[in-house]
Amino acid sequence: MKRLAVLASGRGSNLQAIIEAVRSGALTLEIVGVASDRPEAQALARAEAAGIPAAVFPPRQYENRRAHEAAILRWLQELEVDIVALAGYLRILSPGFIQALGCPILNIHPSLLPAFPGLNAQSQALAYGVKVSGCTVHFVDEGVDSGPIISQEAVPVLPHDTLESLSERILEAEHRLYPKALQLVAEGLERPERRSARG
Ligand code: GRF
């Protein structure tokens with residue numbers, strides 16, 4: 001079975017969905033570790049409750065970004081991970097880290113990329129006035145929310161939506177989508193060289 005590590009900075013509801021998909025047998029991989037850059041991240045408590053080793057790497061404890069990433073890299077290498085999932089991890093990974101790790105890294109983003117990359121994707125969607133939004137799971141590359149797309153789920157944007165109601169609807173879709181996309185990678189889906197053969 002492939003070995004998965006999850007990096008998360010906050011609430012960890014996507015981590016929870018992944019944990020539950022593994023428990024139910026819908027996702028056939030082993031979660032070998034969860035790491036966070038924030039000691040207060042709820043994701044760490046969720047990992048501990050599920051009996052998954054949890055580690056915290058507060059950036060302030062390292063001299064610079066390079067040293068911070070090197071510590072995380074060493075931890076991932078010691079765990080012999082095959083796949084890394086970013087689940088609300090609020091740091092951009094450097095090209096050097098991505099290359100040195102050398103295994104697929106996935107991310108989930110709360111919009112239908114390439115629409116609304118970056119922060120506050122749900123507010124961006126409301127501000128633009130789109131009628132459909134959703135979420136995307138993609139392979140991480142050197143850019144921000146720019147790597148090859150694995151899967152997407154659309155949700156409607158309703159006339160009376162608030163930031164909370166839209167975010168909640170997208171989050172429910174995220175919890176369905178992330179385990180499914182991870183299963184594709186667990187079954188051998190690899191990051192393509194380019195986003196599309198037609199691109
Ligand atoms: C999600 O909306 C995800 O798309 C984004 O950050 C949020 C993380 O939520 N990247 P959670 O920590 O998984 O609950």
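Read the numbers this way: they start at 1 and go in the same order the structure lists the ligands and their atoms. Just the heavy atoms: all of them, side chains too, but no hydrogens, waters or symmetry mates, feed the values below.
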Pro95: side-chain contact (heavy atoms from CB on, under 4.5 Å) partners, not counting sequence neighbours: Glu142

Protein residues that have a heavy atom under 4.0 Å from any atom of ligand 1, sorted by chain and number: Arg11, Gly12, Ser13, Asn14, Gly88, Ile108, His109, Pro110, Glu174

Residues, nucleotides or ligands: over 12 heavy atoms within 6.0 Å of Arg3 CZ: yes

Atom CD of Glu193 with >12 non-hydrogen neighbours under 6.0 angstrom: no

Side chain to side chain donor-acceptor pair (under 3.5 Å) between Ser111 and Gln124, intermediate numbers included: CA-CA 9 Å; Ser111 75; Gln124 291 187 55; over 6 Å; no

Mind listing the side-chain donor-acceptor pairs of residues 51-66 below 3.5 Å, one per line with the distance, residues two or more places apart or on another chain?
unit_1	atom_1	unit_2	atom_2	d
Asn64	OD1	Arg66	N	3.2
Asn64	OD1	Ala67	N	2.9
Arg65	NH2	Ile92	O	2.7

Residue pairs passing the salt bridge (Lys or Arg N to Asp or Glu O under 4.0 Å) test where at least one lies in residues 121-139, sequence neighbours excluded: none

